[in-house]
Structures are given as structure tokens and as C-alpha cells.
Amino acid sequence: MLSKDQIAQRIAQELQDGWYVNLGIGIPTLIANHIPEGINVEFQSENGILGMGPFPFEGEEDADLINAGKQTITAMPGAVYFDSATSFAMIRGQHIQLTVLGAMEVAQNGDIANWKIPGRMVKGMGGAMDLVASAENIIVAMMHTNKRGESKLLEQCSLPLTGVHCVKKIVTNLAVLEIKDGAFHLLERAPGVTIEEIQNATAGTLVVPDEVPEMNV
Amino acid sequence: MALNKQVADVKSALEGVQDNMTFMVGGFGLCGIPENAIAELVRRGIKGLTCISNNAGVDDFGLGLLLQKKQIKKMISSYVGENDEFERQMLSGELIVDLIPQGSLAERCRAGGAGIPAFFTPAGFGTEVAEGKEVREFDGKPHVLESALTADFAFVKAWKGDTAGNLIYKATAKNFNPMMAMAGRITVAEVEELVPAGALDPNQIHTPGVFVQRIFEGSNYQKRIERVTTRSRQ
């Protein structure tokens with residue numbers, strides 16, 4: 001079973017040289033620590049920066065320089081700041097090559113829910129709806145099951161949707177999966193995790209090929 | 001001659017604000033918020049306000065200060081976590097909350113200031129955000145009709161400004177401020193440093209002064225950080 005950091009490490013292997021990438025809050029943020037050798041990417045944060053750098057050293061925080069998770073950050077050489085309309089022009093206009101975000105539920109048709117639990121939690125969607133509606137390439141980073149042990153990979157989402165038919169790839173603590181033809185297709189399994197364990201943790205339709213290699217993390 | 005938009009202080013800058021008005025308030029989280037204008041709204045105690053702002057502050061700062069005093073009737077925002085009082089008022093029904101996607105919020109403000117009454121966006125299609133809204137397909141993809149937003153007053157915060165109302169923002173404190181400056185019927189800009197017209201390089205202006213009706217130099221900025229995050233020097 002993968003740690004959250006290993007999930008990030010596995011997703012980092014999907015990065016391609018020259019990409020602009022938007023990382024969501026949580027596990028996706030960790031991806032910046034695992035950029036493969038020889039790959040040059042630039043990170044966008046939708047509150048208004050391209051070329052986001054690492055967290056500042058203690059004492060060098062700037063209240064005017066934060067990411068979409070409201071954490072203090074730094075700017076890389078060549079970075080640029082812009083307003084929110086320009087930021088979402090980059091996103092909707094498909095100038096960002098990869099979006100990685102977390103989810104509460106993903107359905108086998110590619111629907112995603114991650115912004116509201118009716119009656120319990122309403123924090124808002126932030127930029128998630130714009131991101132999932134527009135990005136060509138969306139990877140969901142999440143745990144395979146929720147805190148109660150229930151599968152987050154479902155036949156259909158039970159929570160209010162963030163977007164429809166948009167998720168194509170999922171990396172969880174158990175597996176890498178692709179969504180295609182209305183089903184989850186198992187691509188890779190976490191080291192030491194059996195196919196049966198993945199099947200048991202997946203409520204939606206799971207297609208298992210003859211060969212399922214272990215992830216390289 | 002450049003027009004002079006300078007007013008003496010925050011009190012004169014907020015002349016004319018009344019109960020039940022709609023305000024736009026710039027900022028993302030606590031970054032780039034008009035601290036002086038918010039403090040003056042609290043002092044004036046006006047009520048029944050509709051506030052258009054990406055976030056609702058935290059319990060004891062930003063728009064959270066207006067929420068504490070129950071001055072806000074309705075919030076139009078994209079993300080409202082990090083605020084217990086907000087959550088309490090929302091779940092009890094005291095506060096009306098309209099949550100909309102962040103990019104749609106930004107573009108609705110921009111459209112309001114740019115004379116575009118509505119636009120189609122893919123964001124929110126198939127979700128509760130699209131309920132009751134016209135959906136139309138372009139290039140085989142469904143889009144939702146979103147309408148422009150304007151406000152009686154827009155309160156924005158910039159780093160530097162001149163007496164002609166031209167504004168320059170710093171880093172990610174820019175966020176929603178430029179679009180909201182465009183969409184206010186009266187836009188009040190507060191700046192950390194106010195200089196005479198002509199002192200700023202026209203090449204570097206982010207918001208042209210035509211969008212700003214009143215400008216003043218703010219004071220006592222706290223510039224609170226919501227999540228101080230650092231790395232070790234090793």
C-alpha cells in the first residue's frame with residue numbers, strides 16, 4: 001500500500017517535459033517534490049501564479065505570495081503573477097497540460113465529486129469545477145477508500161458532482177486505474193497489494209487484464 | 001491633466017454606503033483584501049449587505065468581522081472554508097450563500113465591468129451550479145450561461161497607486177482585485193503607497209484609473225497569513 005507521498009511520486013512519473021501543471025490541495029501538492037530528472041515543468045496555482053516554487057525559508061514568508069491552498073510559497077525565476085480572470089483563461093482555454101486534484105468520489109463514467117457533503121460540509125468548489133470542466137488531462141490523487149473503509153470508486157457518485165465525464169486516470173494507495181468505456185481499468189497495483197484487495201476496495205466495475213504490473217515507486 | 005481621484009481618508013472613501021447594498025470585496029483568502037474598507041464597514045454598522053468575494057475571511061479577520069456583527073445577508077463566493085461563524089450562519093439559514101466556480105466568479109466580475117451581460121462557460125455543467133441556467137452546445141460540448149455581476153461599491157486593495165487612480169498590485173495579492181475594480185459602480189481603491197499622478201511608469205499599471213472613482217492610502221495593514229508554510233534550510 002502506498003503512502004500519500006508515494007502516490008505523489010507515482011503521479012510525478014506522468015509529468016512530461018515542457019508541461020504547465022495545476023496541482024490541487026493535499027496529495028497533489030506533494031508532486032512538486034518528485035519531479036523526475038531531466039523533466040522541466042512549471043506549476044500554476046489558480047489564485048494567480050505560474051512558476052510556483054517551494055515553500056519559503058522560515059522568516060522569508062511574504063503575505064502577498066501564497067498558493068491556492070493559502071500556504072506561503074516562493075516564485076521561481078521566470079515566474080509571473082496574474083489576476084483570477086487571466087488564471088482561469090489559462091485553465092478553460094486549455095493552456096495547462098495537466099490537472100491533478102483530490103476527490104471524495106469518482107464514478108466509472110468519469111464523474112467526480114469533491115466539494116460538498118449535504119448537511120455536513122459545504123466549503124465550496126473553489127476552482128475545481130472550472131478545472132475539471134476544461135482540462136483535457138485530469139489525474140485524481142486519492143485514497144482508494146474513505147475513513148469508514150468504503151470505496152471511493154463507484155458505479156455512480158452519491159455526492160453532489162463537481163464535473164461530469166472528466167476523470168481519465170486515478171492513482172490511489174492501492175492502484176493506478178484508467179477510466180474508459182464506462183469502467184475502471186486496472187493498470188498497475190501498489191507493491192504487495194493483491195488484485196483481490198483492489199477488487200474488494202472497488203465498488204464500481206473493475207476490468208482486470210491478465211497482466212497487472214506492480215508500480216515502480 | 002490627470003483626473004484626481006484621491007480622497008482624504010477611509011471615511012470619505014466610503015461616503016454613500018448604505019444598508020442592503022451589494023459590495024464586491026477583493027482578495028483571495030486574506031491575501032490582498034481591503035483591510036481599511038472592511039474596518040470602516042464594521043465601524044459604520046450597515047446591515048443587510050450582499051458581498052461578492054471569493055472567500056468570507058476567517059472568524060476574526062477579513063469579511064469574518066462583518067459576519068460576526070451579522071451585517072451580511074448574502075455571500076456570493078467560491079470557497080468558504082476556514083470560518084466557523086460562517087458555517088454556523090449558513091447551516092442555520094441566517095445567511096444566504098451562493099457558491100459559484102472560482103473561474104466563473106472572476107469572469108462574471110470581468111464581464112460586469114466590460115459591458116458583457118452574460119457568457120457561456122463549461123464550468124459547472126451537469127452539477128447543481130447549472131440548475132435553472134441555459135445550457136448550449138458549442139463544438140459538441142455543453143456550456144452553461146452565466147450572467148455578469150456588478151456592485152454598488154467595489155472595494156479593492158493594491159500595492160501602489162497614484163492620484164489618478166492607476167493601480168499596481170503585488171504578487172498573488174492581485175487575484176480578484178482588477179476585475180472587481182472594473183465592476184463597481186463606485187470603486188474604492190486603498191493602496192499601501194499613494195504617489196502623485198505621473199510617478200508610476202504607465203507601462204507597469206495593472207488597473208487603469210478610469211475604473212477607480214476614489215483612492216486613498218491605507219494604514220495599519222496587518223496582512224495576516226492563513227497558513228504559514230516553510231521549509232528547513234538543510
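The basis for the numbers below is simple: all heavy atoms, side chains too, and nothing from hydrogens, waters or symmetry mates.
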query: Got a donor-acceptor contact below 3.5 angstrom from the B:Thr127 side chain to the A:Gly163 backbone?
result: no
**Message:** Quick check against the 3.5 Å criterion: does B:Thr172 have a side-chain atom that pairs as donor or acceptor with the backbone of A:Ile66?
**Reply:** yes
When the 4.5 angstrom heavy-atom criterion is applied to A:Phe88 and chain B, the contacting part is side chain
Rounded to the nearest 0.5 Å, the CG atom of A:Asp83 sits from the CE atom of B:Met179 at a distance of 4.5 Å
Ranked by heavy-atom pairs below 4.5 Å to chain A, first place among B:Arg231, B:Lys174, B:His143 goes to B:Arg231
Looking only at B:Ala56, B:Ala123, B:Ala173, B:Ala171, most heavy-atom pairs under 4.5 Å shared with chain A are made by B:Ala171
Rounded to the nearest 0.5 angstrom, the CG-OH distance for A:Asn47 and B:Tyr79 is 13.0 Å
Heaviest contributor of heavy-atom pairs below 4.5 Å to chain A, chosen from B:Lys141, B:Lys170, B:Arg110, B:His206, is B:Lys170
Using a strict cut-off of less than 4.0 Å between a Lys/Arg side-chain nitrogen and an Asp/Glu carboxylate oxygen, indicate whether A:Glu60 and B:Arg233 qualify as a salt bridge. yes
Interatomic distance, CD1@B:Ile225 vs NZ@A:Lys70, rounded to 0.5 Å, equals 14.0 Å
Per-residue tally against chain A (heavy atom, under 4.5 Å) across B:Gly81, B:Ser78, B:Gly29 peaks at B:Ser78
message: I'd like to know if the side chain of A:Asp130 reaches the main chain of B:Gly103, judged simply by a donor and an acceptor atom lying under 3.5 Å from each other, with no hydrogens or angles considered.
response: yes
Okay, A:Ala128 and chain B: the region with an atom under 4.5 Å from a heavy atom over there is neither
A:Ala85 and B:Ala106 have their tightest heavy-atom pair at N-CB, 3.7 Å
Applying a strict 4.5 Å limit to non-hydrogen atoms, the region of A:Thr86 in contact with chain B is neither
Ranked by heavy-atom pairs below 4.5 Å to chain A, first place among B:Pro101, B:Cys109, B:Pro122 goes to B:Pro101
Heavy-atom closest pair (B:Gly124 atom, A:Met129 atom, distance to 0.1 Å) is CA-SD, 3.9 Å
Pair count under 4.5 Å, heavy atoms only, with chain A: among B:Val97, B:Asn175, B:Val80, highest is B:Asn175
Bottom line for A:Asn67: the part with an atom under 4.5 Å from chain B's heavy atoms is backbone
